[in-house]
Amino acid sequence: MKNMTYDVIVIGGGPAGLSGAVALGRALRSVLVIDSGAPRNAPAEGIHNFLTRDGMRPAEFLGAGREEVRRYGGTILDGEVVAARGNQESGFDVELKDGSEHHAKRLLVTTGLHDRLPDIPGLAEQWGHTVLHCPYCHGYEVRGRSIGVIAVNERASEQARLWKQWSPDVQIIPGERIAAVEPKGVRLVDGTFVARDALVIAARVTARANFLVTLGLEAAEHPSGAGTHVPSADPTGRSAVPGVWLAGNVTEPMAQVISSAAAGLQAGAMINVDLIVD
């Protein structure tokens, strides 16, 4: 494996990366998927808005995706990429945390993003369970119930208006007044307990892209103000560096599972065309 030059190395094994790898495998391309094993949606009970896969557990979804990649000749490697170097003419070298290196003609980056949660005791433990962020992902499951919007930035009022589509009982709770998040609500600094069936927070997101700096790609502020992303140069996911494509949350923080998978498919198809032209 170490001495092999792959057609494509996919960095990130989520919906976008696995979908791109399947498309490339079906195009008879040699593909290596490198995944760090830290999916953003791991705490969630199930994925939603994915036709025929509604409610499937994230781990089950990724497991099925990995099997599809292998079915079409792809290789899955567990590891964390720390640097990527090279160019379209000579190819790209990808360095892993364990010191190993792998080589490919093209790169597809699908590493996703981090949710930067505020330092409120108990919040991280409830993240993805009673603490939610996306009404399209979780709103139906808490419809009609009491919802608390934890205000940590200017997006809180926008969130409150949005979540009122799913429940008339939406309350904004200033983050600086919260001492701790508990399973059924929040404990305020004065000791008062505010009971809520679910909590919502618009956490800032950060693209998982530090390893791209060695290629000349850096994260920038997303136009939505939600956090950072790595901008793509065109709608197909082509980056500013020739030979490197982007798909999923690393470039579009608002993408859900199904749209990330679609973006991975499109990027994989365009990489195949790029290799044919080359």
Check whether [X] reaches the backbone of [Y] with its side chain - one donor and one acceptor, N or O, closer than 3.5 Å.
X: Gln266; Y: Pro235; answer: yes
X: Asp98; Y: Gly79; answer: no
X: Ser239; Y: Val244; answer: yes
X: Thr214; Y: Ala84; answer: yes
X: Asn249; Y: Ala255; answer: yes
X: His103; Y: Phe92; answer: yes
X: Arg187; Y: Gly191; answer: yes
X: Thr251; Y: Val230; answer: yes
X: Gln159; Y: Ala202; answer: yes
X: Ser19; Y: Ala16; answer: no

Taking it one step at a time, do His102 and Leu77 satisfy side-chain contact (heavy atoms from CB on, under 4.5 Å)?
CA-CA 11 Å; His102 305 274; Leu77 177 63; 3.5 Å; yes

Can you pull out every ring-ring contact (aromatic ring centres under 6.0 Å, His included) where at least one residue sits in [range]? Sequence neighbours excluded, please.
range: residues 242-278; result: none
range: residues 162-216; result: Tyr136-Trp166
range: residues 31-70; result: Phe50-Phe61

Quick one: do Glu182 and Gln126 satisfy side-chain contact (heavy atoms from CB on, under 4.5 Å)? Show the steps, please.
CA-CA 8 Å; Glu182 298 181 11; Gln126 294 300 322; over 6 Å; no

Validation: residues 38-46 side-chain donor-acceptor distances under 3.5 Å, sequence neighbours left out:
| unit_1 | atom_1 | unit_2 | atom_2 | d |
| --- | --- | --- | --- | --- |
| Arg40 | NE | Asp115 | OD1 | 3.4 |
| Arg40 | NE | Asp115 | OD2 | 2.8 |
| Arg40 | NH2 | Asp115 | OD1 | 2.8 |

Any salt bridge between Arg161 and Glu158, counting N to O under 4.0 Å?
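No.
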
Salt-bridge present (Asp190, Arg177; N to O < 4.0 Å):
no

Taking C-beta and beyond as the side chain, do [X] and [Y] meet within less than 4.5 Å on heavy atoms?
X: Leu18; Y: Glu68; result: no
X: Glu125; Y: Val131; result: no
X: Arg29; Y: Ile271; result: no
X: Gln256; Y: Cys134; result: yes
X: Ser224; Y: Met254; result: yes
X: Leu123; Y: Pro118; result: yes
X: Ile178; Y: Leu188; result: yes
X: Val8; Y: Leu275; result: yes

Step-by-step side-chain contact (heavy atoms from CB on, under 4.5 Å) determination, Asp169 to Arg196:
CA-CA 9 Å; Asp169 186 1; Arg196 297 279 92 182; 3.0 Å; yes

same_hphob_cluster([X], [Y]) at 4.5 Å side-chain heavy-atom cutoff:
X: Ile34; Y: Val250; value: yes
X: Leu199; Y: Val149; value: no
X: Val257; Y: Val33; value: yes
X: Ile258; Y: Leu62; value: yes
X: Tyr72; Y: Met270; value: yes

Are there more than 12 heavy atoms of other residues, nucleotides or ligands under 6.0 Å from atom [atom1] of [X]?
X: Arg26; atom1: CZ; answer: no
X: Lys164; atom1: NZ; answer: yes
X: Arg85; atom1: CZ; answer: yes

Would you list the pairs meeting salt bridge (charged side-chain N to carboxylate O under 4.0 Å, His left out) in which at least one residue belongs to residues 207-228, sequence neighbours left out?
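As it turns out, the salt bridge (charged side-chain N to carboxylate O under 4.0 Å, His left out) pairs with a partner in residues 207-228, which skip direct neighbours, are Arg204-Glu221.
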
Tell me, with the steps shown, if Lys105 and Asp274 meet salt bridge (Lys or Arg N to Asp or Glu O under 4.0 Å).
CA-CA 10 Å; Lys105 299 173 185 176; Asp274 191 59; over 6 Å; no

With a 3.5 Å cut-off and no angle check, do the side chains of Asp234 and Thr236 form a donor-acceptor pair?
yes

Restricting to non-hydrogen atoms, name the atom on [X] and the atom on [Y] that form the minimum distance, rounded to 0.1 Å.
X: Val69; Y: Ala21; answer: CG2-CB, 3.8 Å
X: Gln88; Y: Pro242; answer: OE1-C, 3.3 Å
X: Leu132; Y: Ala198; answer: CD1-CB, 4.2 Å
X: Pro121; Y: Asp119; answer: CD-O, 3.9 Å
X: Val152; Y: Gly175; answer: CG1-CA, 4.5 Å
X: Ala233; Y: Ala240; answer: CB-N, 4.2 Å

Spacing of [X] atom [atom1] and [Y] atom [atom2] [to the nearest 0.5 Å]:
X: Glu80; Y: Asp35; atom1: CD; atom2: CG; answer: 10.5 Å
X: Thr75; Y: Arg70; atom1: OG1; atom2: CZ; answer: 9.0 Å
X: Ile9; Y: Asp93; atom1: CD1; atom2: CG; answer: 8.0 Å
X: Ile47; Y: Glu60; atom1: CD1; atom2: CD; answer: 9.0 Å
X: Ile150; Y: Gln171; atom1: CD1; atom2: CD; answer: 11.0 Å
X: Leu215; Y: Asn87; atom1: CG; atom2: CG; answer: 9.5 Å

Tell me, which pairs form a side-chain hydrogen bond (donor to acceptor under 3.5 Å, both in side chains) where one or both residues lie in residues 141-152, sequence neighbours left out?
Ser146-Asp197

